[in-house]
Colleague: 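Sharing a structure here in structure tokens format.
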Amino acid sequence: MPEYMTIPEVCEFLRLGERNVYEMCRSGKLPGAVKVGNQWRVHHEKLQAWLDQGGAARRPQRGEKRE
């Protein structure tokens, strides 16, 4: 897996549609998502760590920083 994944790679990895993944990137719900020019890239290790911690089921606690 490359260090940074494209949106199609993230879609395949998460088994989600592009529309959902783009919305997660725009809203800041997908850790490791950065916009490079006009394209989104997602840091694979940050995404995997987020999934290992429960993914979307885990919400930041009060005072905890979001990634």
Colleague: Given H44 and E3, is the side-chain contact (heavy atoms from CB on, under 4.5 Å) satisfied, shown in steps?
Modeller: CA-CA 6 Å; H44 180 259; E3 185 174 358; over 6 Å; no
Colleague: Would a single hydrophobic cluster contain both L51 and V10, if residues Ile, Leu, Val, Met, Phe, Trp and Tyr are joined by side-chain heavy-atom contacts under 4.5 Å?
Modeller: yes
Colleague: For the residue pair M5 and R41, establish whether any side-chain heavy-atom pair is separated by less than 4.5 Å.
Modeller: no
Colleague: How close do P8 and E18 get, counting heavy atoms only, and between which atoms?
Modeller: CG-OE2, 4.2 Å
Colleague: Give the minimum heavy-atom separation between P31 and W50, together with the two atoms involved.
Modeller: CG-CG, 3.2 Å
Colleague: Less than 4.5 Å apart, side chain to side chain, heavy atoms only: is that true for L47 and F13?
Modeller: yes
Colleague: With side-chain contact (heavy atoms from CB on, under 4.5 Å) as the test, would you mind laying out the steps for V42 and Y4 before giving the verdict?
Modeller: CA-CA 5 Å; V42 180; Y4 283 89; over 6 Å; no
Colleague: CD of Q39 to SG of C25: how many Å apart, nearest 0.5 Å?
Modeller: 12.0 Å
Colleague: So, do L16 and M24 sit near enough that their side-chain heavy atoms are less than 4.5 Å apart?
Modeller: yes
Colleague: Can L14 and L30 be said to form a side-chain contact (heavy atoms from CB on, under 4.5 Å), step by step?
Modeller: CA-CA 11 Å; L14 296 177; L30 197 62; 4.1 Å; yes
Colleague: Atom CD of residue position E12 - does it have more than 12 heavy atoms of other residues, nucleotides or ligands inside 6.0 Å?
Modeller: no
